Every structure is written in C-alpha cells, then in structure tokens.
J.: 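Got a structure for you, written out below as structure tokens; questions coming shortly.
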Amino acid sequence: MSTEQENVKTEGIREIDIEAIVRERMGKKARYIPRFILNWLKGLIHQDFINTYLREGRTGVDFCKGTVEYLKADITVEGRENLPEDDRWYTFVSNHPLGAIDGVTLGWIIGEQYNGKIKYLVNDLLMNLEGLAPLCVPINKIGHQARNLPAMVESAFSGQNHVIMFPAGLCSRRMDDGTIHDLPWNKTFVAKSVQHQRDVVPIHFIGHNSSRFYNVAHWCKRLHLPNFAMALLPDEMYRNVGGHYTVRIGKPIPYQTFDKSRTPSEWGQWVEEQVYKL
C-alpha cells in the first residue's frame with residue numbers, strides 16, 4: 001500500500017486515485033496501461049489540486065459550498081425569491097454549461113435553502129467523491145447498474161428530498177450556429193414530476209467552457225469516438241478558478257402544466273426553452 005493510500009485510510013477521507021479508478025473500470029486490462037499515461041491523466045484532472053481540497057473532509061452541502069470557495073467562484077444569484085418556501089418537494093432543473101462548478105453551485109444554493117434535503121441524479125463516477133456522495137443518486141446507463149436505473153430514479157422522486165437534475169445528461173455543446181447550448185433534454189423529469197406531483201423550478205446557469213473543450217466534443221461526435229471531452233472537465237474547472245457566474249432562478253412551473261396536449265418529450269423541450277429565456 002502506498003503512502004497516499006495509507007493516508008486515505010487513516011484519515012477516512014476518500015481522495016481521487018486515478019490508478020484505482022482505472023483498475024476498477026478496466027480490471028485486468030489496466031496493467032497494460034503505461035505509467036506515463038497514468039501520470040498524464042493525473043495531471044489532466046489535476047489530481048493533487050483536487051485532493052488538497054478533499055483532505056478538508058467536508059461533506060454534503062458544506063462540500064458544495066467549500067468547493068465554490070476553493071475555486072474562488074464569484075456567484076450572482078438572481079430570482080432567489082422564486083425558491084418555494086412551503087413544505088412540498090420540488091424538482092429543480094438546469095442547463096449544464098460547465099460540468100462541475102454549475103453542479104456544486106446549485107447544490108450549495110438549493111441545499112442551504114432546504115437544510116440539505118436535496119438529491120442529485122448524477123453520473124456514478126461522482127460517487128468517487130466521498131464528500132459529494134451523500135447527496136447523489138448514481139446514474140449509469142451502461143453496465144450492471146443500468147438494470148437498477150428505473151428503481152433508483154423512482155427512489156429519488158418518491159423520497160423526502162428535493163431533486164436536482166441536469167436533464168441534458170452531458171454538459172452543453174457548441175451548436176452549428178456557434179451558440180453554447182444543452183443537448184436535447186431527457187423527458188424523465190417531466191414524467192416523474194407529474195407522477196409524484198412535484199412542481200418544476202427552472203434554473204439558467206450562465207457560463208461556458210473553453211473552445212478546446214467544444215472542439216474535442218465536436219470531433220468525438222463526428223468521428224464516432226468515445227466522449228473524451230468528459231475527461232477534460234476537471235481541467236476546465238481548474239482553468240475557470242476565479243470565474244464569475246450568474247444563476248437565474250425562475251418561478252415554479254406547476255406539475256399540472258404537463259398535460260396530455262404534449263408528450264413528455266415535448267414538455268421537456270418546452271421547459272428547456274423556458275430555462276434559456278430566463
């Protein structure tokens with residue numbers, strides 16, 4: 001066991017360990033990956049920079065708040081008065097321009113408002129962040145966990161927490177007209193919000209990643225390659241240290257709005273349009 005691994009065990013704080021993640025994901029094939037590739041990946045995701053913060057041991061909403069502070073992000077919140085003050089449970093949906101800072105910022109804003117009673121529906125890779133894991137319902141559409149996906153989504157919406165979702169799944173891309181916009185939104189939040197009588201609160205997060213990120217995402221799609229752009233998100237976060245972002249919170253949309261006049265997919269697109277109008 002390495003010194004770094006011993007520290008993790010002693011301190012009880014789970015840190016990012018690229019080698020361990022590769023072994024977990026690739027199994028026996030991991031031994032064929034050259035050391036210089038692993039070191040390059042550590043640098044790409046800024047493993048030391050991230051672990052310096054993780055060693056503080058924050059969890060839950062405090063983890064989200066601390067991340068915003070650690071990244072020196074300057075956040076302007078508009079429409080805070082639109083956050084409901086009753087005792088009902090809501091679905092909060094947002095565009096996903098950044099892939100990291102936007103997620104923890106919403107966790108901080110909404111989590112503080114509702115005493116930590118929030119759950120994210122997120123990629124299961126984020127469960128590697130022990131401080132964030134208590135707020136997460138891991139979603140993986142690939143592999144063995146895919147079989148449990150419907151039940152896990154149901155547990156989030158039927159539970160005693162507000163749900164935070166980025167319905168696009170992936171962070172925003174550059175469109176053909178040069179604008180930065182989400183990929184089409186998934187209809188799940190509409191169907192589940194209606195089923196569990198949750199009004200939907202639209203949120204527009206204003207920010208963007210670098211041209212490099214959008215170029216990589218574009219060529220991955222065009223050449224039918226894996227989503228290598230996802231590996232750039234920690235570096236995008238690092239590049240955006242000290243950035244300014246605006247969060248615009250819209251008025252809740254009653255779940256009764258989503259009637260039979262449109263399909264859930266069409267209603268999802270409609271909500272997406274309302275978000276970008278904020």
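Nothing here was measured: the structure is a model prediction, and the numbers come from that model.
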J.: Heavy-atom distance under 4.5 Å between the side chains of Ser94 and Leu106, does that happen here?
T.: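 Counting from C-beta outward, Ser94 and Leu106 do come under 4.5 Å.
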J.: Yes or no on side chain to side chain contact (heavy atoms under 4.5 Å, CB included) for Met26 and Ile33, after CA distance, side-chain angles and deciding distance?
T.: CA-CA 10 Å; Met26 299 188 64; Ile33 298 179; 3.4 Å; yes
J.: How many angstroms lie between atom CD1 of Ile249 and atom CD of Glu81, to the nearest 0.5 angstrom?
T.: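 Reported to 0.5 Å precision, the distance equals 8.0 Å.
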J.: What are the two closest heavy atoms between Ser210 and Tyr214, and how far apart are they?
T.: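 The pair with the smallest heavy-atom distance is O-CD1, 3.1 Å.
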J.: Do Val68 and Ile101 come within less than 4.5 Å of each other through their side chains, counting heavy atoms only?
T.: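 Sidechains of Ile101 and Val68: no contact.
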J.: Quick one: does Asn95's side chain have a donor or acceptor within less than 3.5 Å of a partner on Phe205's backbone?
T.: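 Yes, Asn95 side chain to Phe205 backbone: donor-acceptor pair under 3.5 Å.
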J.: Would you say that more than 12 heavy atoms from the other residues, nucleotides or ligands in this model lie under 6.0 Å from the CG of Asp177, or not?
T.: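 Yes, CG of Asp177 has more than 12 neighbouring heavy atoms, counting only those of other groups under 6.0 Å.
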J.: Return yes when atom CZ of Arg222 has more than 12 non-hydrogen atoms of other residues, nucleotides or ligands closer than 6.0 Å, and no otherwise.
T.: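 Result for CZ/Arg222: open.
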J.: Contact between Val201 and His162 at the side-chain level, heavy atoms closer than 4.5 Å - yes or no?
T.: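 No, side chains not in contact.
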J.: Counting C-beta onward and ignoring hydrogens, is there a side-chain heavy-atom pair between His196 and Thr91 closer than 4.5 Å?
T.: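 Contact flag for His196/Thr91 side chains = no.
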J.: What distance separates Ile118 CD1 from Glu112 CD, expressed to the nearest 0.5 Å?
T.: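 Answer for the CD1-CD pair, Ile118 versus Glu112, is 10.0 Å.
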J.: Of all the heavy-atom pairs spanning Val200 and Pro202, show the shortest one and how long it is.
T.: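 Heavy atoms only, the tightest pair is O-CD, 3.5 Å.
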J.: Does Gln47 reach the main-chain N or O of Ile18 with its side chain, forming a donor-acceptor pair under 3.5 Å?
T.: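 Judged by distance alone, yes, a pair lies under 3.5 Å.
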J.: Scan side-chain atoms only and decide if His96 and Asp182 contain a donor-acceptor pair under the 3.5 Å cut-off.
T.: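 On atom types as modelled, these side chains do not qualify, holding no pair under 3.5 Å.
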J.: For Ala73, does its backbone N or O pair with a side-chain atom of Tyr245 as donor and acceptor, under 3.5 Å?
T.: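 Answer holds: no.
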J.: Supply the atom-to-atom distance Asn39 CG to Leu44 CG, rounded to the nearest 0.5 angstrom.
T.: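 Separation between the atoms: 12.5 Å.
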J.: Examine Ile164 and Tyr255 and state if one hydrophobic cluster contains both, with Ile, Leu, Val, Met, Phe, Trp and Tyr joined whenever side-chain heavy atoms are less than 4.5 Å apart.
T.: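 In one cluster: no.
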J.: Are more than 12 heavy atoms from other residues, nucleotides or ligands located less than 6.0 Å from atom OH of Tyr70?
T.: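 Yes - once you tally the heavy atoms of other residues, nucleotides and ligands closer than 6.0 Å, there are more than 12.
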J.: Tell me whether Asn240 contacts the main-chain N or O of Tyr238 through its side chain, where contact means a donor paired with an acceptor under 3.5 Å.
T.: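 Side chain of Asn240 to backbone of Tyr238: no pair is present.
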J.: Between Asp102 and Thr105, is the side chain to side chain contact (heavy atoms under 4.5 Å, CB included) condition met? List the steps.
T.: CA-CA 5 Å; Asp102 43 3; Thr105 297; 5.7 Å; no
J.: If Ile, Leu, Val, Met, Phe, Trp and Tyr residues are connected whenever their side-chain heavy atoms lie under 4.5 Å apart, and connections chain through other members, are Val241 and Ile206 in the same group?
T.: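 In one cluster with Val241: Ile206, no.
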J.: Answer yes or no on whether Arg262 is positioned over the face of Phe258, meaning its NZ or CZ is under 6.0 Å from the six-membered ring centre and within 45° of the axis.
T.: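 Arg262 over Phe258 ring: no.
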J.: Grab the two heavy atoms, one from Ile180 and one from Ser172, that are nearest each other, plus how far apart they are.
T.: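 Closest approach of Ile180 to Ser172, heavy atoms only: CG2-CB, 3.8 Å.
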J.: With sequence neighbours left out, what residues match His218 under ring pair (Phe, Tyr, Trp, His ring centres under 6.0 Å)?
T.: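 Applying ring pair (Phe, Tyr, Trp, His ring centres under 6.0 Å) to His218 gives none.
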J.: Quick one, Gln256 and Asp199 - any side-chain contact, counting heavy atoms below 4.5 Å?
T.: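 Side-chain contact under 4.5 Å: yes.
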J.: Just by distance, do the side chain of Thr179 and the backbone of Met175 share a donor-acceptor pair under 3.5 Å?
T.: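 Looks like no, no N/O pair under 3.5 Å.
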J.: Do Met165 and Leu183 sit in the same hydrophobic cluster, where Ile, Leu, Val, Met, Phe, Trp and Tyr count as joined when their side-chain heavy atoms come under 4.5 Å apart?
T.: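 Unlinked, Met165 and Leu183 end up in two clusters.
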J.: Just jot down the side chain to side chain contact (heavy atoms under 4.5 Å, CB included) partners of Lys117, sequence neighbours excluded, or say none.
T.: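 For Lys117 the side chain to side chain contact (heavy atoms under 4.5 Å, CB included) partners, ignoring immediate neighbours, are Trp89, Asn161.
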J.: In chain order, what residues pass the salt bridge (charged side-chain N to carboxylate O under 4.0 Å, His left out) check against Arg239, with sequence neighbours excluded?
T.: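 Scan of Arg239 (salt bridge (charged side-chain N to carboxylate O under 4.0 Å, His left out), adjacent residues dropped) gives Asp235.
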J.: To the nearest 0.5 Å, tell me how far His46 NE2 sits from Thr52 OG1.
T.: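 Separation between the atoms: 12.5 Å.
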J.: Ignoring hydrogens, what is the shortest heavy-atom contact between Phe166 and Gly103? Give both atom names and the distance.
T.: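 Closest pair (atom of Phe166, atom of Gly103, distance): CZ-CA, 3.7 Å.
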J.: Do Leu41 and Phe36 belong to the same hydrophobic cluster, where Ile, Leu, Val, Met, Phe, Trp and Tyr are linked whenever their side-chain heavy atoms lie under 4.5 Å apart, directly or via other members?
T.: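 Hydrophobic grouping puts Leu41 with Phe36.
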J.: Which atom names give the shortest non-hydrogen contact between Pro234 and Ile50, and what distance separates them?
T.: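 Shortest heavy-atom contact: CB-CD1, 4.4 Å.
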J.: With hydrophobic residues grouped by side-chain heavy-atom distances under 4.5 Å, do Leu121 and Val275 end up in a single group?
T.: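 They do share one cluster, since a chain of ILVMFWY contacts under 4.5 Å joins Leu121 to Val275.
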J.: Are side-chain heavy atoms of Cys171 and Leu98 found at a separation under 4.5 Å?
T.: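 SC-SC contact between Cys171 and Leu98 ruled out.
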J.: Test side chain to side chain contact (heavy atoms under 4.5 Å, CB included) on Glu19 and Lys42 and set out the steps.
T.: CA-CA 9 Å; Glu19 294 185 39; Lys42 291 177 184 179; 2.9 Å; yes
J.: Give me the atom names and distance for the closest heavy-atom approach of Asp259 to Trp267.
T.: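 Smallest interatomic distance, heavy atoms only, reads O-NE1, 2.9 Å.
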J.: Measuring from atom CD of Glu69 to atom CG of Leu71, what distance do you get when rounded to the nearest 0.5 angstrom?
T.: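 Answer rounded to 0.5 Å: 10.5 Å.
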J.: Does a side-chain heavy-atom distance below 4.5 Å link Arg174 with Asn215?
T.: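 Of all side-chain heavy-atom pairs linking Asn215 with Arg174, at least one is under 4.5 Å.
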J.: Distance alone, cut at 3.5 Å: any donor-acceptor contact between the side chains of Thr59 and Glu130?
T.: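 No donor-acceptor contact under 3.5 Å links the two side chains.
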J.: May I ask you to test the Ser155-Lys119 pair for a side-chain heavy-atom distance under 4.5 Å?
T.: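 No. Closest side-chain heavy atoms not under 4.5 Å.
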J.: Tyr276 and His204: side chain to side chain contact (heavy atoms under 4.5 Å, CB included), yes or no, with the steps?
T.: CA-CA 6 Å; Tyr276 279 95; His204 187 190; 3.9 Å; yes
J.: Distance from Phe157 atom CZ to Met152 atom CE, nearest 0.5 Å?
T.: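 Interatomic distance, Phe157 CZ to Met152 CE, rounded to 0.5 Å: 13.5 Å.
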J.: According to the interplanar angle, ranging from 0 to 90°, do the rings of Phe92 and Tyr90 count as parallel (below 30°), tilted (30 to 60°) or perpendicular (above 60°)?
T.: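 If you compare the ring of Phe92 with that of Tyr90, the planes turn out tilted.
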J.: For the aromatic rings, using the six-membered ring if either is Trp, is the centroid distance between Tyr53 and Phe63 under 6.0 Å?
T.: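 Yes; Phe63 has its ring centre under 6.0 Å from that of Tyr53.
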J.: Is it true that Glu266 and Lys187 make a salt bridge, defined as a side-chain N closer than 4.0 Å to a carboxylate O?
T.: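 Between Lys187 and Glu266 there is no salt bridge, as every charged N stays at least 4.0 Å from the carboxylate O atoms.
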